[in-house]
Trainee: 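Questions regarding the structure given below will be posed in turn.
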Amino acid sequence: MLQKDIIKKIENYLNKEKEFVNLDFSKLSLFTPKNIAHGDFSTNFALIIASELKINPNELANKITSTLLKRKDKFFDKIEVAKPGFINFTISKEVYQNLLKRINQLGNKFGSSKKNKKRVLIEFVSANPTGFLHVGHLRNAAVGDSISRILSFSGYEVTNEYYLNDYGGQIKLLGESLQSRVYKILGVDKEMPEGGYQGEYLVDLAKILTTKKEKRFLLKSEIKYFSSVATDYFTKEIKKDLEPLNISFDSWFSEKKDIHESRYLDKVKRLLDSKNGIYFQDNAEWIKTSEFGDDKDWVIKKSDGNSTYFMNDIAYHQNKFEREFDLIVNVWGADHHSHISRLKASMNLLSNQTEKLLFVLIQFVRLVRDNKDVSMSKRSGTYTTIKDLLKEFDSDLVRFLMISRSSDTHFDFDFDKCKSNSEENPVFYIQYANARINSILKKSPLDKWNFKNVLLLNEDKEINLIKRLLNFTEIVSESAENLAPHKIAFYLQELASEFHAYYKSTKVLVEDDKILNGRLILLSSIKIVLINGLNLLGVSSPDKM
RNA sequence: GCGCCUGUAGCUCAGUUGGAUUAGAGUGCCAGAUUACGGAUCUGGAGGUCGAGGGUUCGAAUCCUUCCAGGCGCGCCA
């Protein structure tokens with residue numbers, strides 16, 4: 001929030017001088033320098049303009065700065081030029097101190113943006129309803145949900161959607177597998193189909209089914225029946241798996257109902273046809289994606305008459321576009337990256353604005369136990385579901401770790417290192433800061449606060465903490481723009497660390513009521529930011545722990 | 001073979017979209033801190049040719065290019 005004020009002030013100052021009126025202020029941006037000695041904010045404005053006009057950047061910076069100094073008010077403490085042409089600004093302490101009031105007034109809204117009337121659809125998880133969610137889906141779920149929270153905090157109207165793949169060959173196979181399990185329990189011989197679902201969990205489902213339904217009924221039922229029983233069951237289980245993680249969806253898009261039974265697929269096919277995007281070859285139908293940015297064409301209708309997964313996906317995305325979102329975010333596993341170019345090509349063919357379509361690719365998580373990779377050991381029985389993982393680790397830790405790296409890096413989840421009480425538990429560190437603050441606030445004898453007392457927060461540590469708090473706004477908008485929740489995780493760790501150090505060096509509950517008051521206001525501001533930040537990650541912030 | 005992602009301290013990772021003599025954090029290692037509000041905390045130290053070479057410019061971990069290494073994907077499966 002400070003940056004905008006500063007830029008405005010600079011523009012206002014310079015606009016009053018004839019020689020600067022023509023400057024392109026859209027190039028004026030601020031950054032916070034790494035080195036504290038360089039002030040609170042810097043701009044490379046002079047460097048950029050000078051290189052365009054081919055003049056000496058240092059001279060330009062000097063000219064600009066002397067103009068700024070002529071007009072500067074109490075807002076700025078210092079404005080200086082540094083080689084080769086940076087202009088550095090130091091803001092007055094008072095400005096910082098007084099902003100604490102704003103943080104406290106805004107409370108859980110601090111860091112958020114006003115509603116911008118833009119609608120976002122974010123699709124994530126979308127695991128097939130053929131089993132329980134496992135660790136592979138977890139990172140996707142955590143990242144998707146955090147992005148959703150961040151966007152919504154940033155003013156977007158967000159819809160979380162789960163694409164339910166409840167149709168097609170795999171679902172038929174699932175039905176056959178369940179039927180085979182059921183028949184076996186009923187004492188009727190029926191072979192497991194080739195490539196069928198072998199998992200024990202289907203046996204469990206079969207048991208439930210045989211106690212609920214009559215034998216005669218089950219033996220008469222078609223595959224379709226078993227398919228729908230199974231998909232209904234797993235859909236419910238998936239919802240249950242997500243519940244303890246605090247993840248829920250506004251919309252469940254059923255492939256079966258919303259694409260096939262509704263005949264929506266045919267509509268999109270006709271649309272493709274009307275754009276002259278389809279041709280026949282080898283007894284199948286192909287889409288001309290190669291003419292719209294992909295490197296080859298793809299089959300959309302197989303020679304057996306069924307549509308391909310890809311065709312269904314085209315229809316699904318056409319549907320997303322028809323629902324008129326301003327932004328469509330797909331959180332996909334990295335193994336689907338090749339689908340991006342062909343999907344974009346197809347959407348181009350349908351003349352949609354594909355710049356609205358964004359992708360977040362999630363790299364795989366490697367599970368490590370005793371220095372061994374356990375993520376791939378489905379066969380050996382150490383196949384880890386979300387249910388299993390949550391028995392060992394709490395949801396806060398799991399969610400935090402899953403978003404704590406940028407999603408396009410591979411990431412090791414080391415069981416041994418992540419035991420709840422270990423020092424590798426960054427969540428604790430952050431939550432602990434909040435709990436400490438809370439306990440101090442409780443002990444405070446003051447029943448009334450006067451915000452004028454913030455002026456007594458004069459120590460460097462205190463001013464730096466305020467700067468860090470104000471930075472939260474920027475971090476939120478950065479992570480929204482980049483769809484990158486990990487930025488918030490890193491920020492919170494830094495903030496917690498700075499608080500712990502302050503706590504250690506400075507006693508808050510002092511005799512002097514005014515100083516006490518100032519510090520309490522600071523602490524309560526820190527608490528606000530910690531809680532708001534943790535919320536964006538779907539992590540709780542307990543008062544006691 | 002082609003495409004995408006990754007390569008930064010012993011390990012796990014950040015690095016503000018090209019910015020400022022000294023490239024950061026956690027962990028691990030070494031050495032310290034409590035008659036204070038929660039020690040599950042804090043302070044200090046050692047540790048790097050940013051995978052390698054070349055290029056672009058005032059300025060490169062960041063952009064371009066070649067190469068090396070790892071992961072993933074290249075179906076009329078979903």
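Labels below follow one simple rule: chain letters A, B, ... track the order of the sequence lines, proteins then strands, and each chain is numbered from 1.
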Trainee: Roughly how far apart, to the nearest Å, are B/G53 and B/A60 at atom P?
Mentor: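 It works out to 15 Å between them.
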Trainee: Just do the side-chain contact (heavy atoms from CB on, under 4.5 Å) check on A/E123 and A/K320 with the steps written out, would you?
Mentor: CA-CA 10 Å; A/E123 182 216 329; A/K320 287 183 178 177; 2.7 Å; yes
Trainee: Considering only atom P, compute the distance from B/G15 to B/G54 and round it to an integer number of Å.
Mentor: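 Roughly 27 Å separates the two P atoms.
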Trainee: By the 4.0 Å heavy-atom rule, please label A/A284 as base, sugar-phosphate, or nothing.
Mentor: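 Answer is base: heavy atoms of A/A284 come under 4.0 Å of a base.
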Trainee: Does the protein touch nucleotides 32-39 of chain B at the base, only the backbone, or not at all? Give it as B, S and - per nucleotide, heavy atoms under 4.0 Å.
Mentor: ----BBBB
Trainee: What is the ring orientation for A/H260 with A/Y167, classed by angle as parallel under 30°, tilted 30 to 60°, or perpendicular over 60°?
Mentor: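 Correct class here is parallel.
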Trainee: Tell me, do A/H38 and A/F86 make a side-chain contact under 4.5 Å, heavy atoms counted?
Mentor: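 When only atoms from C-beta onward are counted, A/F86 and A/H38 do not touch, as no gap falls below 4.5 Å.
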Trainee: Counting the atoms with a prime plus P, OP1 and OP2 as sugar-phosphate, which does A/S341 contact under 4.0 Å by heavy atoms, base, sugar-phosphate, or nothing?
Mentor: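 Result for A/S341 = nothing.
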Trainee: Which nucleotide wins on minimum distance to the side chain of A/S303, given the candidates B/A20, B/C76, B/U41?
Mentor: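 Out of B/A20, B/C76, B/U41, the nucleotide with an atom closest to A/S303's side chain is B/C76.
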Trainee: To the nearest Å, give me how far apart CG (A/D297) and P (B/C76) are.
Mentor: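 Nearest whole value for this atom pair: 12 Å.
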Trainee: Would you indicate what A/D295 reaches in the nucleic acid, counting non-hydrogen atoms under 4.0 angstrom: base, sugar-phosphate, or nothing?
Mentor: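 The residue A/D295 makes no contact with any strand.
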Trainee: May I ask you to say what A/L47 touches in the nucleic acid, namely base, sugar-phosphate or nothing, with a heavy-atom cut-off under 4.0 Å?
Mentor: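 The answer is base, as A/L47 lies within the cut-off (heavy atoms under 4.0 Å) of a base atom.
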Trainee: In chain order, what residues pass the ring pair (Phe, Tyr, Trp, His ring centres under 6.0 Å) check against A/W252, with sequence neighbours excluded?
Mentor: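 Ring pair (Phe, Tyr, Trp, His ring centres under 6.0 Å) list for A/W252, sorted by chain: A/Y162, A/F249.
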Trainee: Would you say the side chain of A/N44 and the base of B/G19 hold a donor-acceptor pair, judged only by whether the two atoms sit under 3.5 Å apart?
Mentor: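 Indeed, a donor on one side and an acceptor on the other fall under 3.5 Å apart.
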Trainee: What interatomic distance, in whole Å, is found between C1' of B/G47 and the corresponding atom of B/U22?
Mentor: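 Their C1' atoms lie roughly 15 Å apart.
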Trainee: With a non-hydrogen cut-off below 4.0 angstrom, is A/N165 in contact with a base, only sugar-phosphate, or nothing?
Mentor: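 The residue A/N165 makes sugar-phosphate contact but no base contact.
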Trainee: Are A/Y429 and B/C42 close enough that a side-chain N or O sits under 4.0 Å from OP1 or OP2?
Mentor: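 So the side chain of A/Y429 is within the cut-off, an N or O lying under 4.0 Å from OP1 or OP2 of B/C42.
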Trainee: For A/F364 and A/F490, find the nucleotide of RNA chain B closest to each by heavy atoms; which residue's nucleotide sits nearer the 5' end?
Mentor: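 With A/F364 and A/F490 compared, the 5'-side residue is A/F490.
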Trainee: Closest nucleotide of RNA chain B for A/E478 versus for A/R342: which of these residues is on the 5' side?
Mentor: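 So the residue in question is A/E478.
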Trainee: Can you tell me how far P in B/U34 sits from the matching atom in B/A52, rounded to whole Å?
Mentor: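 Roughly 44 Å separates the two P atoms.
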Trainee: Need one value for A/N88: base, sugar-phosphate or nothing, where a base atom within 4.0 Å counts as base even if backbone is also close, heavy atoms only.
Mentor: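 Touches a base.
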Trainee: Please determine whether any donor N or O and acceptor N or O are separated by less than 3.5 Å between the side chain of A/S42 and the base of B/A20.
Mentor: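 Such a pair is found, so the answer is yes.
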Trainee: Does any donor-acceptor pair link the side chain of A/H500 with the base of B/A40 at a separation under 3.5 Å?
Mentor: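 No such pair is found, so the answer is no.
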Trainee: Please determine if a side-chain N or O atom of A/S477 lies less than 4.0 Å away from the OP1 or OP2 oxygen of B/U16.
Mentor: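 No.
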Trainee: At less than 4.0 Å, is any side-chain N or O atom of A/K302 found next to OP1 or OP2 of B/A78? Yes or no.
Mentor: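 Checking A/K302 against B/A78: at least one side-chain N or O falls below 4.0 Å of OP1 or OP2.
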Trainee: C1' atom, B/G44 versus B/G59: distance in rounded Å?
Mentor: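 It works out to 33 Å between them.
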Trainee: Tell me which one of A/F124, A/Y163, A/F359 satisfies side-chain contact (heavy atoms from CB on, under 4.5 Å) with A/N330.
Mentor: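 Answer to the side-chain contact (heavy atoms from CB on, under 4.5 Å) test with A/N330 among A/F124, A/Y163, A/F359: A/F359.
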Trainee: What interatomic distance, in whole Å, is found between C1' of B/C29 and the corresponding atom of B/C64?
Mentor: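 The answer is 41 Å between these two C1' atoms.
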Trainee: Between the base of B/G73 and the ring of A/H337 - centre-to-centre under 5.5 Å, planes within under 30° - is that a stack?
Mentor: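 A/H337 ring does not meet the centre or angle cut-off for B/G73; no stack.
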Trainee: Just to be sure I understand the rule, does A/T32 reach a base, reach only the sugar-phosphate, or reach nothing, if contact means heavy atoms closer than 4.0 Å?
Mentor: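 Contact class for A/T32: base.
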Trainee: Counting the atoms with a prime plus P, OP1 and OP2 as sugar-phosphate, which does A/H336 contact under 4.0 Å by heavy atoms, base, sugar-phosphate, or nothing?
Mentor: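 The answer is base, as A/H336 lies within the cut-off (heavy atoms under 4.0 Å) of a base atom.
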Trainee: B/A14, OP1 or OP2 - any side-chain N/O from A/S406 closer than 4.0 Å?
Mentor: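 Yes.
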Trainee: Under the criteria of a ring-centre distance below 5.5 Å and an interplanar angle below 30°, is A/F86 stacked with the base of B/A20?
Mentor: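 Stacked: centres under 5.5 Å apart, planes under 30°.
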Trainee: Is A/L173 close to A/Q170 at the side-chain level, that is, under 4.5 Å between some pair of heavy atoms?
Mentor: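 A side-chain contact under 4.5 Å exists here.
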Trainee: Which dot-bracket notation, 5' to 3', represents the base pairing of RNA chain B when pairs are defined as Watson-Crick or G-U with both distances under 3.5 Å, crossing pairs as [ ], and inter-strand pairs as |?
Mentor: (((((((..((((.....[....)))).(((((.......))))).....(((((..]....))))))))))))....
Trainee: Taking B/U16 as the reference, what is the distance to B/A31 when you measure between their P atoms (whole Å, please)?
Mentor: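 The same atom, P, in both gives a distance of 37 Å.
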Trainee: Ignoring backbone atoms, test whether A/H486 places a side-chain nitrogen or oxygen under 4.0 Å from the OP1 or OP2 oxygen of B/G15.
Mentor: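 For B/G15, OP1/OP2 do have a side-chain N/O of A/H486 under 4.0 Å.
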